[in-house]
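Heads up: the structure comes next, in structure tokens.
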Amino acid sequence: QVPLVESGGGLVQAGASLRVSCAASGLTFSGTTMGWFRQAPGKEREFVVGISSSGSRISYADSVKGRFTVSRDGAKNVVYLQMNSLKPEDSAVYYCAASWRIGQIPIVQDAYVYWGQGTQVTVSS
């Protein structure tokens, strides 16, 4: 399996912005849906956003809609998650993942077969 590598996490104050990135192999992940999930201590891993291979389909969790923006650079094999107006409840380890599922963006973690190691995002109040 080709690993996914997240980067860009850090400690910020509420209201600040942060961009996390996910680097992937073009050969392996061409044609895949890419998803971002997050997991806070004591909480289940939750879906944040997914984007189709072409970028034509995007699905955001209600909790981040209007604040987060996902994009992908096919040439660079990188997926970005721009996070604005961050809240303390956004604090979590953010994971990127890849799915071969066709059609509607899957929100269940079992649909994603490749995962990165995660990057920590901490938002202070």
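Ring-plane geometry between Phe37 and Tyr112 is classed as perpendicular, the angle between the planes exceeding 60 degrees on a 0 to 90 degree scale with a lower cut at 30.
Note that the CD atom of Gln120 and the OG atom of Ser91 stand 7.5 Å from one another [nearest 0.5 Å].
Hydrophobic clustering (ILVMFWY, side-chain heavy atoms < 4.5 Å, transitive): Ile107 and Trp115 are in one cluster. Transitive grouping of hydrophobic side chains (ILVMFWY, heavy atoms separated by less than 4.5 Å) brings Val123 and Leu81 into a common cluster. Each of Leu86 and Tyr80 belongs to its own hydrophobic cluster when Ile, Leu, Val, Met, Phe, Trp and Tyr are linked at side-chain heavy-atom distances under 4.5 angstrom. Val48 and Val5 fall into different hydrophobic clusters, where Ile, Leu, Val, Met, Phe, Trp and Tyr side chains are chained together by heavy-atom contacts under 4.5 Å.
Looking at every heavy atom in both residues, Val93 comes nearest to Gly118 through CG1-CA, 3.7 Å. Nearest heavy-atom pair across Ile58 and Val49 is CG2-CG2, 3.9 Å. Residues Ser99 and Ala111 share a closest heavy-atom pair of OG-O, 2.7 Å. In terms of heavy atoms, Ser59 sits closest to Ile105 at CB-CB, 4.0 Å.
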Subject >> Tyr94 and Met83: CA distance, side-chain angles, deciding distance, side-chain contact (heavy atoms from CB on, under 4.5 Å) verdict >> reply: CA-CA 11 Å; Tyr94 282 71; Met83 302 179 288; 3.8 Å; yes

**OP:** List the steps, then state whether ring pair (Phe, Tyr, Trp, His ring centres under 6.0 Å) holds for Phe68 with Trp36.
**Re:** CA-CA 11 Å; Phe68 290 11; Trp36 285 97; 9.8 Å; no

Original post:
Val79 and Glu6: side-chain contact (heavy atoms from CB on, under 4.5 Å), yes or no, with the steps?
Top reply: CA-CA 9 Å; Val79 181; Glu6 304 96 334; over 6 Å; no

Original post:
Please walk me through it: do Arg67 and Lys87 pass side-chain contact (heavy atoms from CB on, under 4.5 Å)?
Top reply: CA-CA 10 Å; Arg67 298 187 299 118; Lys87 306 173 180 179; 3.8 Å; yes

Original post:
Please walk me through it: do Phe47 and Arg38 pass side-chain contact (heavy atoms from CB on, under 4.5 Å)?
Top reply: CA-CA 7 Å; Phe47 173 81; Arg38 66 187 183 186; over 6 Å; no

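In this structure, the side chain of Thr32 does not engage the main chain of Met34 through any donor-acceptor pair within 3.5 Å. Looking at Arg57, its side chain never comes within 3.5 Å of a backbone N or O of Ser53 through a donor-acceptor pair. Put simply, the side chain of Ser52 never gets that close to the backbone of Thr33: no donor and acceptor are under 3.5 Å apart.
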With a 3.5 Å cut-off and sequence neighbours excluded, list the donor-acceptor pairs that the side chains of residues 9-24 form with protein atoms.
from: Ser17; atom 1: OG; to: Asn84; atom 2: OD1; distance (Å): 2.8

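Heavy-atom contacts from other residues, nucleotides or ligands closer than 6.0 Å to CD of Glu46 number more than 12.
Cation-pi geometry between Arg45 and Tyr95 is met: the NZ or CZ atom falls under 6.0 Å from the ring centre, inside 45° of the normal.
Between Cys96 and Leu4 the shortest side-chain heavy-atom distance falls below 4.5 Å.
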